[in-house]
Amino acid sequence: MYKKAFIKDVLARGQDLEGSSVRICGWVHRIRDLGGVKFVILRDRTGMLQVVFKKGELEERVLKEVEDLREESVVCIDGFLRRAPTREGFEVAASSLIVLSKPVEPLPLEVHSSLKAGLATRLRYRWIDARNPLVSKIFLLKSWVARKFREYYSSQGFVEIFTPKIVASGTESGANVFPVLYFDKVAYLAQSPQFYKQFAVIAGFERVYEIGPVFRAEPHHTIRHLNEYHSLDIEVGFIESYHDVMDYVEGFFRKLATDIKEVSDILEAFQAPEIRIPETGIPRIPIRRVYEILESEYGKRIPYGEDLDPEAEKLLGSYVREKYNSDLVFVTEYPWRVRPFYAMRKDDEPEWTYSFDLLFRGLEVVTGGQREHRYERLRENLRDKGLKEEEFQYYLEFFKHGAPPHGGAGMGLERITMQILGLQNIREARLLPRDTERITP
RNA sequence: GCCGCGGUAGUAUAGCCUGGACGAGUAUGCGGGCCUGUCAAGCCCGUGACCCGGGUUCAAAUCCCGGCCGCGGCGCCA
């Protein structure tokens, strides 16, 4: 290994290391060449540190080599750490330089100002864009959210599962799936692990979670949709009502809210506020009540029994922010006509379902609910939706041999990341986004 | 899928409405030079662009049509 320490760790031990020799490796962020003294700002994943090459302090030969450096050259530098009036309080007085790689052509994007470029350009040259410390922080946060997800659900007795992404049919109508050639058959990329996480519960694992890619063939042109994204999925058996599912979702968001201090540096960089959840819990408002609130508070009319549109979600977001001091709100009991066939309908009001969405700062980030686990009811639901039973035969079979009452939720990892940081476009939260036109790099 | 806006050096922009000194400006990058304490280093010299195709016109970066691409709104969703 060329590299022993990250810059952040060197700086953290600055007191102890002062005067002793260190090696740091990374990318050349900036070069300030004053002739007899040359400053190189070296950057790695964890931070930046100034390196000084000074005439009289090192061999002439090394000083010459520095003149060949370009921004984004990859180097290792040996030197000793000393105090200096830099932002970090320290600098490395270089004694030698190892050049591991040098750009073969001018950079199409400048790392330090990449955010001034258009998103299309940045994504085209994402390997350079992502070196921008602010950009990389998005993915450090995303990684953190995924880790918290695993931590939380593991601690609640959930088992991580890994389900197929090549499937025989869509989970609903099949209209928005990507077909793939599977030997001599047509298969599809999974639009959701829905059926298989239910399968896992029924197969006896009781509580399961999965982090995996999902694929949506919708030709949307918005700042909140991707054709490939990562879904945080849970499914849990032996629930008494869909409120049990919401409790588990709420538990995860509470963990995010309380542990967010671990990544406060990232939040600060984005000037993002902490996540507000009231002591009394995330409000749970039936959609029929939401219609009333929207109408009376904002004069916004949603046809009774229809889904909320993006404007309605934003309005509701600011409503709960003011009324409950909450960044989050559950909208519950969605109409049967806008929910999939596997949703459980209310016992007394079959036109409404035991389902919910979770809105985070006015954007839908989670969908969930109780599933219909009763074989005959499930068949009825299919009929009601005008779907052909044959097409869901393999799914229906799961329910023939003992299925506990269960429910679950799917959460959009990129949407959660986007909302925590206040990103303006979901593509920012995906290293290599797939959208209607973009399949490279 | 429907609708709207846009495409100028590597990057980001000015110019377009009102066609003509636009021979396309500026910043940054890139190439070169000066400089021993910079920190968005500075200063000097150089380099480099009107998306593609067609049309209107004496004349098109500018107006019109088509295509491709980009951005966004809606629908759908996480």
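Every chain is numbered from 1, with letters handed out A, B, ... down the list of sequences.
Atom-to-atom, CD of A/E88 to C1' of B/U38 comes out at 13 Å; the value is rounded to the nearest Å. Atom NZ in A/K102 sits roughly 13 Å away from atom C1' in B/C30 (whole-Å rounding). When rounded to the nearest whole Å, the span between CD of A/E57 and C1' of B/U36 equals 10 Å. Whole-Å rounding puts the A/L363 CG to B/A78 P distance at 11 Å. As a whole-Å value, the separation of A/E437 CD from B/C71 P is 9 Å. Taking atom CD of A/E110 as the reference point, atom C1' of B/G29 lies 5 Å away to the nearest angstrom. The interatomic distance linking A/R339 (CZ) with B/C77 (C1') rounds to 10 Å, in whole Å. Note: CZ (A/F39) to C1' (B/U38) measures 4 Å, nearest angstrom.
For the P atoms, the distance from B/C52 to B/A60 is 15 Å, rounded to whole Å. The separation of B/C2 from B/G66, taken at their P atoms, amounts to 15 Å, rounded to a whole angstrom. B/C16 and B/U57: their P atoms are spaced 24 Å apart (whole Å). Atom name P, nucleotides B/A61 and B/G25: the rounded distance is 14 Å, in whole Å. On the P atoms, B/C5 is 30 Å away from B/G23, given to the nearest whole Å. Rounded to whole Å, the C1' atom of B/A9 lies 10 Å from the corresponding atom of B/U47. Distance check on atom P: B/G10 versus B/A24 gives 15 Å, rounded to whole Å. Separation of the P atoms belonging to B/C58 and B/A12 is 38 Å when rounded to the nearest angstrom.
When both distances must be under 3.5 Å, the Watson-Crick or G-U wobble mate of B/G42 is B/C34. In this structure B/G23 sits in no base pair that meets the Watson-Crick or G-U test at under 3.5 Å. Pairing of B/C16, defined by two Watson-Crick or G-U wobble distances under 3.5 Å, is not identified with any nucleotide. When both distances must be under 3.5 Å, the Watson-Crick or G-U wobble mate of B/G1 is B/C74. Base pairing of B/A59 is not made with any nucleotide, judged by Watson-Crick or G-U wobble geometry with both donor-acceptor distances under 3.5 Å. With both pairing distances under 3.5 Å, B/C50 is matched to nothing as a Watson-Crick or G-U wobble pair. Pair assignment for B/C68: B/G7, on the basis of Watson-Crick or G-U wobble contacts that are both within less than 3.5 Å.
For a distance-only test at 3.5 Å, the side chain of A/R70 fails to qualify as a donor-acceptor partner of the base of B/G10. Not a single donor-acceptor pair, N or O on each side, falls under 3.5 Å between the base of B/C35 and the side chain of A/R32. You won't find any donor-acceptor pair under 3.5 Å spanning the side chain of A/H221 and the base of B/C71, going by distance alone.
Here A/R427 reaches the OP1 or OP2 of B/G72: one of its side-chain N or O atoms lies under 4.0 Å away. Close to B/A12, at under 4.0 Å from its OP1 or OP2, lies a side-chain N or O of A/T121. Close to B/C77, at under 4.0 Å from its OP1 or OP2, lies no side-chain N or O of A/N227. Taking side-chain N and O atoms only, A/T86 has no distance below 4.0 Å to OP1 or OP2 of B/C39.
Within the nucleic acid shown, A/G118 comes within 4.0 Å of sugar-phosphate atoms alone, with no base atom in reach, counting heavy atoms only. Within the nucleic acid shown, A/E105 has no heavy atom closer than 4.0 Å to any nucleic acid atom. No contact: A/V214 has no heavy atom under 4.0 Å from any strand. Here A/I223 lies in heavy-atom contact (under 4.0 Å) with sugar-phosphate atoms only. At a threshold of 4.0 angstrom between heavy atoms, the contacts of A/E91 include nucleobase atoms, whether or not backbone atoms are also involved. Nucleic acid contact class of A/R83 (heavy atoms, under 4.0 Å, all strands): none. Counting any heavy atom pair closer than 4.0 Å across all strands shown, A/R30 reaches sugar-phosphate atoms only and no base atom. Residue A/R224 is in base contact, counting any heavy-atom pair closer than 4.0 Å across all strands shown. Residue A/D357 is classed as having no contact, given no heavy-atom separation below 4.0 Å to the nucleic acid. Here A/T222 lies in heavy-atom contact (under 4.0 Å) with a base. Residue contacts for A/R438: at a heavy-atom cut-off of 4.0 Å it reaches the sugar-phosphate backbone alone, with no base atom in range. Across all strands, A/P219 comes closer than 4.0 Å to base atoms (heavy-atom distances). Residue contacts shown for A/P85 include a base, since a base heavy atom lies under 4.0 Å away.
Taking the six-membered ring for Trp and the full ring otherwise, the centers of A/F341 and A/F392 sit less than 6.0 Å from each other.
Salt bridge annotation for A/K346-A/E351: absent, with no cationic side-chain nitrogen under 4.0 angstrom from a carboxylate oxygen.
Once the 5.5 Å centre distance and the 30° plane angle are applied, the aromatic ring of A/Y229 is found stacked with the base of B/A78.
Looking only at distances, no side-chain donor or acceptor of A/K137 sits under 3.5 Å from a matching main-chain atom of A/I266.
A/Y394 and A/Y196 have tilted rings, their planes meeting at an angle from 30° to 60° on a 0 to 90° scale. The aromatic rings of A/Y153 and A/Y209 are tilted relative to each other, their planes meeting at an angle between 30° and 60°.
Toward the 5' end of RNA chain B, the nearer of the two residues A/I426 and A/E71, judged by each one's closest nucleotide, is A/E71. Each of A/T436 and A/L109 has a nearest nucleotide on RNA chain B; the 5'-most of these lies closest to A/L109.
Judged by a 6.0 Å distance limit and a 45° cone about the ring axis, A/R345 is not positioned over the six-membered ring of A/W352.
With a 4.5 Å cut-off on side-chain heavy atoms, A/H112 and A/E71 count as touching.
If you check the side chains of A/E364 and A/T367, you find a donor sitting under 3.5 Å from an acceptor.
Of the inter-residue distances, the one linking A/D259 atom CG with A/R147 atom CZ reads 9.5 Å to the nearest 0.5 angstrom.
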